[in-house]
Protein chains: 2
Amino acid sequence: MESRCENCIIRQFNSLRAMSKEELKHVSDSKITKTIKKGEPLFEEGDKLNGVYCVRNGISKLSKLSANGKDQIVKLATKGEVLGQRSVIAEESTNLSAIAVQDMEVCFIPKESITNTLQKNPNFTLEVLRHMAHDLKEADDVIVNISQKTVKQRIAEAFLYLKNNFGEDEDGFLALTLSREDISNVVGTATESAIRIISEFKKKGLIHTSGKKIGIKDERKLMEMVEGF
Amino acid sequence: MESRCENCIIRQFNSLRAMSKEELKHVSDSKITKTIKKGEPLFEEGDKLNGVYCVRNGISKLSKLSANGKDQIVKLATKGEVLGQRSVIAEESTNLSAIAVQDMEVCFIPKESITNTLQKNPNFTLEVLRHMAHDLKEADDVIVNISQKTVKQRIAEAFLYLKNNFGEDEDGFLALTLSREDISNVVGTATESAIRIISEFKKKGLIHTSGKKIGIKDERKLMEMVEGF
DNA sequence: GGGATTCTATGACAATTGTCAGGTTTGGGG
DNA sequence: CCCCAAACCTGACAATTGTCATAGAATCCC
C-alpha cells in the first residue's frame with residue numbers, strides 16, 4: 001500500500017541516502033506513515049522520542065516555550081527534513097515541539113533503525129553529522145540576526161526567507177501562510193508589534209495582503225531594509 | 001618535548017577519546033602546539049581551516065560580526081573543547097571568529113587526521129555527532145533566551161553562567177573576567193546598556209566589583225531575576 | 001446561516017533599549 | 001612615576017518595542 005523507502009524520492013534530500021540497501025529495507029519495514037493535521041503536534045517539548053520523523057509533505061514549526069509563556073520558533077522544517085534526530089542521537093528528551101503549520105504526511109522511523117545504522121555505517125553517520133553541522137551554522141546565524149537586527153529588519157528577512165524557501169502561489173502570495181502570531185514567534189517579538197510592522201510595510205508598498213496571506217511586492221527594498229538602510 | 005596526545009587528560013573531555021591507539025598516535029605526530037595571547041585570534045570568520053584546535057588551557061570567545069559592525073559572542077570555549085570542527089566537517093569556511101579572552105595553549109590538529117578517522121571509525125564520528133547535537137541544543141536555548149528575555153535578565157543569567165562554568169577566584173570574583181564590551185556582546189546589547197545594568201546590580205547589592213572584576217553577592221536574587229521576578 | 005470564537009488591527013501609553021556626548025578611571029609602557 | 005590610550009561610567013534624549021484595551025474581520029462549527 002504505502003511506497004517503500006527504497007523508492008522514495010524524498011530520501012535524496014536527507015541523510016537516509018547514505019544508507020545501504022539492506023538498511024533501507026529494514027527502515028522501510030519498520031516505518032509507519034502518519035498524517036498530521038494543521039495545528040496538531042508531531043511531538044512536544046520534553047517528550048522522549050522513540051524514533052525520528054521524515055517529512056514527506058507539509059511544513060512543521062519547531063518551537064520552544066520560554067519562561068514568559070511565549071513560543072519561540074527556531075526552525076521551519078519541510079519536505080525531506082528529518083525531525084527528532086538530535087534528540088535520538090543525544091539520547092535526551094527533545095528540547096523542541098514540532099507542530100504542523102500545514103497538513104503533513106510523515107514517516108515515523110523507530111530509533112533502533114537509526115541507532116543501529118549509526119553504529120555500523122560511518123557514511124551514514126558522517127552524512128547526519130554534516131546535516132547537523134549545517135543546522136548549527138544556521139542556528140548561529142539566527143542568534144546574530146535576532147540580537148543585532150531590529151524587529152523591522154527581522155520581519156523583512158522572514159518574508160524573504162519564506163519566499164526563497166517555500167515559494168509563492170499563482171497569485172503572488174507566499175506559499176506558506178503563517179498566522180501573525182507565528183510570524184511574531186519566528187522573529188521573537190510581540191504579536192501586536194508584528195501586526196503593526198506588517199501594516200507599515202503594506203502602506204509603504206513593500207508587500208500586499210489578503211486576509212492572512214502576504215505577498216512580496218518590492219523585494220529589493222525589503223532586502224535593503226534587512227541590510228540596514 | 002611536548003606531551004603526547006595518548007597521555008593528554010584533556011582528551012577525556014572531548015570526542016578524541018573515541019579514537020583508537022593508532023589514530024591517536026597519528027594525531028599526536030601531526031599536531032602542533034601553539035600559544036595564543038589574550039586578544040589574539042585562533043582564526044577569523046571566513047577563514048578556511050586546515051584543521052581543528054583542541055583547547056588545553058585558557059578561554060576563547062566564538063563570535064560573528066553582524067551587519068551593524070557589532071560582534072555577537074555565540075559561545076565561550078574552554079579546556080577540552082575542540083574548535084573548528086563544524087567548519088572542517090562541513091568543508092566550508094568558518095562562520096565564526098575565535099579570539100582568546102585569556103592566554104591560551106592549544107593543539108592544532110590537521111584536518112586529514114580528523115577526516116580520515118571520521119570515515120573509518122564510526123565510534124569517533126558518533127562521538128563528534130553527540131557533541132554537535134549538544135551544541136545545537138545549546139544554540140536553541142540561546143535563541144530563546146535572547147529573544148524572550150530582557151537585557152537585565154540576560155546579564156543576570158550570563159553572570160550565573162560564568163560562575164557555573166568558570167568558577168570564582170579566592171576573593172569571590174568570577175574567574176573569567178570579561179570586558180564590559182564582551183559582556184554586552186554575549187547578551188547582545190549596547191555596551192552602555194550593559195554598564196548601566198551592572199551599576200544597577202551593584203547598587204542593589206546583587207554583585208560587587210573591583211575594576212573590571214565582578215563577583216556575585218546574591219545568587220538567589222539573580223536567579224529569581226532570570227526567572228522573571 | 002448565525003453565533004461564538006479566534007485572529008487581525010489600531011490607539012494610547014509605558015517601559016526598555018540605543019545613541020550621542022561628555023567625563024573619569026584604569027592599566028600598561030616608556 | 002607619569003603619560004596616554006583604552007576602558008569604564010553617566011546623563012540626556014530619542015527610538016524602539018511591549019502592554020493593555022478595544023473594536024472589527026474572518027472563520028469555524030453546529
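Proteins get letters first, then strands, A, B, ... in listed order; numbering begins at 1 in each. Keep in mind the model is a prediction, meaning the values are calculated, not measured.
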### Query
So B/Phe173 and B/His208, would you call those rings parallel, tilted or perpendicular, with 30° and 60° as cut-offs?
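Geometry flag for B/His208 against B/Phe173: tilted rings.
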### Message
With no hydrogens and no angle check, just 3.5 Å: does a side-chain donor-acceptor pair link B/Ser147 and A/Gln72?
### Response
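Side-chain D/A pair, B/Ser147 to A/Gln72: present.
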What's the closest nucleotide to the [X] side chain, out of [options]?
X: A/Ser179; options: C/dT19, C/dA9, C/dT8; answer: C/dT8
X: B/Lys212; options: D/dG18, D/dC8, C/dT8; answer: D/dC8
X: A/Glu192; options: C/dT10, C/dT8, C/dT17; answer: C/dT10
X: A/Ile195; options: D/dT19, C/dT8, D/dT17; answer: C/dT8

### Message
I need the minimum non-hydrogen distance between A/Lys202 and A/Thr209, along with the two atoms involved.
### Response
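It is NZ-OG1, 3.2 Å.
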### A/Ser93 versus A/Gly46, closest heavy-atom pair with distance
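Closest approach of A/Ser93 to A/Gly46, heavy atoms only: CB-O, 3.2 Å.
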### Query
Of B/Thr189 and A/Lys202, whose closest DNA chain C nucleotide lies nearer the 5' terminus?
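Taking each residue's closest nucleotide, the earlier one in sequence belongs to A/Lys202.
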Measure from [atom1] on [X] to [atom2] on [N] and round the result to the nearest Å.
X: A/Ile214; N: C/dT8; atom1: CD1; atom2: C1'; answer: 11 Å
X: A/Asp182; N: C/dT8; atom1: CG; atom2: P; answer: 9 Å
X: A/Glu200; N: C/dG11; atom1: CD; atom2: C1'; answer: 15 Å
X: B/Gln153; N: D/dT17; atom1: CD; atom2: C1'; answer: 15 Å
X: A/Ile197; N: D/dA15; atom1: CD1; atom2: P; answer: 16 Å
X: A/Lys152; N: C/dG18; atom1: NZ; atom2: P; answer: 16 Å
X: A/Ile207; N: C/dT8; atom1: CD1; atom2: P; answer: 13 Å
X: B/Asn68; N: C/dT19; atom1: CG; atom2: P; answer: 8 Å

### Task
Output yes when at least one side-chain N/O atom of B/Ser199 is less than 4.0 Å from OP1 or OP2 of D/dT10, else no.
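Yes, because at least one side-chain N or O of B/Ser199 sits under 4.0 Å from OP1 or OP2 of D/dT10.
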### Task
Give a yes/no answer on whether the side chain of B/Ser193 brings an N or O atom under 4.0 Å of OP1 or OP2 in C/dG18.
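True: B/Ser193 side-chain N/O within range (under 4.0 Å) of C/dG18 OP1/OP2.
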### salt_bridge(A/Asp141, B/Lys64) N-O dist < 4.0 Å
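Salt bridge: yes.
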### Message
Nearest heavy atom decides the nucleotide; on that basis, is A/Gly211 or A/Thr150 closer to the 5' end of DNA chain D?
### Response
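Between the two, 5'-proximity favours A/Thr150.
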### Task
Check whether the side chain of A/Arg196 and the base of C/dG11 form a donor-acceptor pair under 3.5 Å.
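Such a pair is found, so the answer is yes.
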